[in-house]
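What you see below is based on every heavy atom in this structure, not just the backbone, and it leaves out hydrogens, waters and symmetry mates. Each chain gets a letter, A, B and so on, in the order the sequences are listed, and its residues count up from 1. Predicted model only: the values in this text are computed from it and were never measured.
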There are 2 protein chains.
Amino acid sequence: MISILEVPKKYLNTMAAGISLKELALELKLAPSTVSRALNDSYEISEETKKKVIRMAEKLNYHPNQFARSLRENKSKTIAVIIPERINNFFAQVMDGIEEIAQEQGYHLLVYNTHEDVDREKKIVNLLLNGRADAVVMSVSSQTSDISHLQKLYERGLPLLFFDRICAEIPTTKFITNDYESAYDGTKHLIQQGCKKIAFLMISKELSITKERYRGYLDAINEAGLTAEPTMSLNCCMSEEENIKLISDMLWSDNRPDGIMASVEKLALATYQAVKRTKIRIPEDLKIISFSNTAIAGLLNPSLTTITQPALTIGQECAKLLIGKLTKPKHYDLINQVITIPSKITIRSSTVAE
Amino acid sequence: MISILEVPKKYLNTMAAGISLKELALELKLAPSTVSRALNDSYEISEETKKKVIRMAEKLNYHPNQFARSLRENKSKTIAVIIPERINNFFAQVMDGIEEIAQEQGYHLLVYNTHEDVDREKKIVNLLLNGRADAVVMSVSSQTSDISHLQKLYERGLPLLFFDRICAEIPTTKFITNDYESAYDGTKHLIQQGCKKIAFLMISKELSITKERYRGYLDAINEAGLTAEPTMSLNCCMSEEENIKLISDMLWSDNRPDGIMASVEKLALATYQAVKRTKIRIPEDLKIISFSNTAIAGLLNPSLTTITQPALTIGQECAKLLIGKLTKPKHYDLINQVITIPSKITIRSSTVAE
DNA sequence: TTAAAATACGGAAACGATTGCGAAATAATG
DNA sequence: CATTATTTCGCAATCGTTTCCGTATTTTAA
C-alpha cells in the first residue's frame with residue numbers, strides 16, 4: 001500500500017531527471033491543462049484543487065521545464081551581456097548593476113567576453129541570432145569598425161542596448177558617462193596644476209569614448225592657449241608590455257610630457273609601471289589623471305587622481321530599461337538617444353605637488 | 001515577378017522574429033524532416049538538396065530555435081557559473097578561463113553573483129533546478145553552512161563542480177589551489193623576515209579555504225616555536241569600512257602584530273587603508289603577505305607580497321572536465337576528489353625591509 | 001421553475017525542432 | 001529480366017508547456 005505521503009515507486013528513478021507536468025497530472029488524476037492552470041494560479045481553478053496540486057508538485061519535486069515554456073511563450077527571461085573585458089573594474093561594476101535588477105525581476109544573464117576582438121564579437125552576435133536571449137546589452141570591442149553584425153542583430157528585432165562604448169549607427173538607446181566634460185575637466189585640472197605639455201593615452205581611435213574624451217582634452221588644451229602636439233596623443237594596443245614600452249619611449253624622449261590624461265585605467269597603470277623604470281617623480285615631474293573605477297586608487301604609489309564612472313548606475317539603468325521594454329513593450333521604447341550619467345573626479349596625489 | 005534572389009514578400013514581416021524550419025521547408029517544397037536533415041548534414045540527403053537548402057536558409061536568414069532544440073534534445077549547451085563576488089580579480093580570471101574553453105566548445109555561460117549571501121545562493125540554485133543549464137560550476141558564499149540546496153542540486157543529477165571555496169560534503173570533483181602549503185610557506189616567509197607575532201585575517205571561519213589556509217598558518221607558527229594567540233586571528237566581515245576598523249583596532253592595541261597573513265586580497269587592501277591612518281611603516285613595523293590575484297600588487301605603496309592562485313588554469317580545468325562529462329559521459333567522471341593546482345608566491349616590498 | 005450566468009475542469013492544438021519508420025525511385029546484383 | 005540494395009525523401013510522433021475552446025455542473029437571476 002502506498003501512502004499518500006510517499007513518492008510512488010514508478011517515479012523514483014525519473015526524479016533525478018525531473019518529473020513532467022503530464023506525469024504530475026497523471027498522479028493527481030487531473031488533466032495537464034488543469035494542473036498547469038493550478039500552478040499558475042488561474043482563476044478558473046478552485047482553491048481546493050490548487051492546494052492539492054501545489055502539495056503534490058512539491059512532494060514530487062516538480063520543476064517546469066524552461067525550454068518548453070520558452071518555446072511556447074517565445075521568451076526566455078534571459079538577457080545577453082557582451083563586454084570587451086572582464087578583468088576590469090568598470091565592466092565588473094556595470095555587470096553587478098545589471099544583475100541586481102535582473103535578479104529582482106527574475107531574469108537570467110548570459111555573459112560573453114569578446115576580449116576586444118571583433119571576430120569573437122561577430123561569432124557571439126551570430127550565436128545570439130537564434131534567440132537564446134530576449135535582449136542584448138553590449139559595449140563594443142575596441143577593434144569594431146565594421147558593424148554589419150550589429151546591424152543584423154538589430155534588424156532581428158531583439159531589443160538592443162549599448163553602454164560606454166556605443167555604436168552610433170544603430171538607432172537605439174545608449175548609456176554613457178559625460179565623456180567630453182569629464183575629459184575636459186580632467187585636462188583643465190592638469191593645466192591648473194601647471195602642466196604645459198599633456199599627453200593623451202588611448203586604446204583605439206575608433207572607439208566612441210576615445211573620440212569624445214579626446215575632444216574634451218583638445219578643447220581644454222586649446223582653450224588654455226596650449227598647443228596639442230601630435231606626438232602627445234598616444235594610440236596604445238592590447239598588450240600591456242607593449243604599452244609600457246610605448247609610454248616609456250615617450251617618457252624618455254626629449255619631448256616628454258609633464259601631464260598625462262589616460263582615457264582608460266589600464267593605461268594609467270601602464271604609465272605607473274613605465275615611470276617606475278625611470279627617475280621621473282609623480283607628481284613633481286609628471287602629473288597623471290585617469291578614467292578609472294578601481295577601489296584602490298588611494299593605495300597606489302602615489303595615489304591616483306581618477307575620473308570615476310557611475311558604473312553600477314549605468315548597469316542598473318540598462319537593465320531597468322531593457323526589462324521594462326520586455327515586460328511592458330507599450331510603456332517603454334528604446335528610442336535613438338544617448339543618456340548621459342556624469343562621472344566624478346577625485347583628486348589625489350598624482351596631480352598635486354605638495 | 002519574384003526573382004530567386006529576392007525574399008518573398010510573405011516572409012518579410014515575420015523575418016524580424018525569425019523564420020521557422022517549417023516555413024523554410026514550405027518555401028523549398030520539401031518536408032521539414034528533409035530540411036532538418038539537410039541542415040544537419042545527414043547522409044540520407046543528396047548533396048544537391050543540401051546545397052539548395054543551405055542556400056535558401058541563408059537567404060531567408062534562418063536560425064534554428066534553440067528552445068525547440070533544447071526541449072527535444074534535453075540539453076542546452078549552457079553552463080551555469082555561480083560566484084560569490086564579481087569585483088574580484090581571482091573570480092574574474094577564473095571566469096575568463098571557463099569562458100575560454102566554453103567558447104571553444106560552443107557552450108554558453110549563465111553567470112550568477114551571490115554577493116556572499118546564502119539566501120541569494122539558495123534562490124539561484126533553486127532557479128537552476130528547472131534545467132536551464134546542463135551543468136553547474138560554483139564557489140560557495142562565505143555564509144554557506146546549510147548545504148541542503150546544494151545537496152538538492154546534486155541529487156537532481158546535474159553535473160556539479162566546485163572550485164576554490166568548495167563543499168566537501170558533496171561527492172564531486174573540486175578544484176583548488178594548495179591552500180595549506182601556500183599559507184604555510186607564506187607564514188614561514190614572514191617568520192624568516194623576523195616576524196614574531198603574526199595575525200591571520202579571514203572573512204569566514206566556515207569557508208574551506210579559510211580552514212586550510214589557517215591550518216597552514218598555524219603549523220608554520222608552531223613549527224617555528226612561536227605561539228598563535230587567539231587575538232591574532234581576526235574574523236572580518238563583508239563591510240570594507242568595518243574591516244578597516246577591526247584591523248585598525250588591532251593595529252592600535254598594545255598587543256599589535258608585526259606580521260599579517262591575509263587569506264583574501266580585500267583584507268590586505270583593508271589593512272593598507274588602516275595602516276595609512278597610523279604611523280606604522282610597512283615593512284619596517286609590519287609585514288604583510290596576502291593571497292591575491294591583482295595585477296598591480298607591484299604598484300601599491302609599498303608593493304605587496306602575494307600568493308597568486310592559478311585562476312585562469314582553475315577555470316579552464318573546470319570547464320574542460322565539465323564539458324568533457326557533458327559531451328562524453330562515458331569517458332569522463334566527476335569522481336569525489338580534490339584536484340590541487342599550486343599557487344605562486346611573489347615576494348615584494350611589503351615583507352622585506354631594505 | 002426555468003433560463004442565464006458563473007464555476008471548474010478536460011481535450012486538443014500549438015510552439016519548432018529531431019528522428020524512427022516507411023516508401024518510392026533508382027542502382028546493383030544474379 | 002527479376003530481385004535485392006541503396007539512395008532519397010515524407011509522415012508522424014515526440015519533447016513539456018500554455019491556452020483556446022468546449023462542456024458539465026452548480027449558482028444566480030428572472
- Message: Rounding to an integer number of Å, can you tell me how far B:K22 NZ sits from C:dG16 P?
- Response: 8 Å
- Message: Between P on C:dA17 and CZ on A:F67, what's the gap in Å once rounded to a whole number?
- Response: 15 Å
- Item | Closest listed nucleotide, where the reference is the side chain of B:A31 and the choices are C:dG16, D:dT18, D:dG10 | D:dG10
- Query: Below 4.0 angstrom from OP1 or OP2 of C:dT18, is there any side-chain N or O of B:R69?
  - Reply: yes
- Message: Nearest heavy atom decides the nucleotide; on that basis, is B:T49 or A:N65 closer to the 5' end of DNA chain D?
- Response: B:T49
- Item | Whole-Å gap separating C1' (D:dT7) and NZ (B:K50) | 12 Å
- Query: Between B:R72 and B:E44, which has a closest nucleotide on DNA chain C that is more 5'?
  - Reply: B:R72
- Check: A:K77 side chain, A:K75 main-chain N or O, donor-acceptor pair, under 3.5 Å: no
- Query: If you look at every strand shown and take non-hydrogen atoms under 4.0 Å, does A:S33 touch a base, only sugar-phosphate, or nothing?
  - Reply: base
- Task: Could you label the plane-to-plane angle of the B:H108 and A:Y112 rings as parallel, tilted or perpendicular, counting under 30° as parallel and over 60° as perpendicular?
- Result: perpendicular
- Item | Between C:dC15 (P) and B:I19 (CD1): distance, integer Å | 14 Å
- Task: Look at atom NZ of B:K122 and say whether more than 12 heavy atoms of other residues, nucleotides or ligands are closer to it than 6.0 Å.
- Result: yes
- Task: Could you go through the side chain to side chain donor-acceptor pair (under 3.5 Å) check for A:S76 and A:D134 one step at a time?
- Result: CA-CA 6 Å; A:S76 58; A:D134 295 341; 3.0 Å; yes
- CD1 on B:I19 to CG on B:N65, rounded to 0.5 Å: 13.0 Å
- Distance in angstrom units between B:Y43 OH and D:dC9 P, rounded: 13 Å
- Task: Applying side chain to side chain donor-acceptor pair (under 3.5 Å), run through A:T78 and B:R132 and close with a yes or a no.
- Result: CA-CA 10 Å; A:T78 302; B:R132 205 175 265 272; 3.1 Å; yes
- Task: Using whole Å, report how far NZ of A:K52 lies from P of C:dA8.
- Result: 13 Å
- Message: Whole angstroms only, please: what is the CZ-P distance between A:R132 and C:dG16?
- Response: 17 Å
- So, with a heavy-atom separation below 4.0 Å from DNA chain C, the residues of residues 34-41 of chain A are A:T34, A:R37
- Task: Among the candidates D:dG16, C:dG10, D:dT8, find the nucleotide nearest to the side-chain atoms of B:S46.
- Result: D:dT8
- Message: Would you say A:S42 and A:N40 are linked by a side-chain donor-acceptor pair, where the criterion is simply a distance under 3.5 Å?
- Response: no
- Task: Would you kindly give the CG-to-P distance between A:L28 and C:dC9, to the nearest whole Å?
- Result: 11 Å
- Describe the nucleic acid contact of A:E73 in one word from base, sugar-phosphate, nothing, applying a heavy-atom distance below 4.0 Å. sugar-phosphate
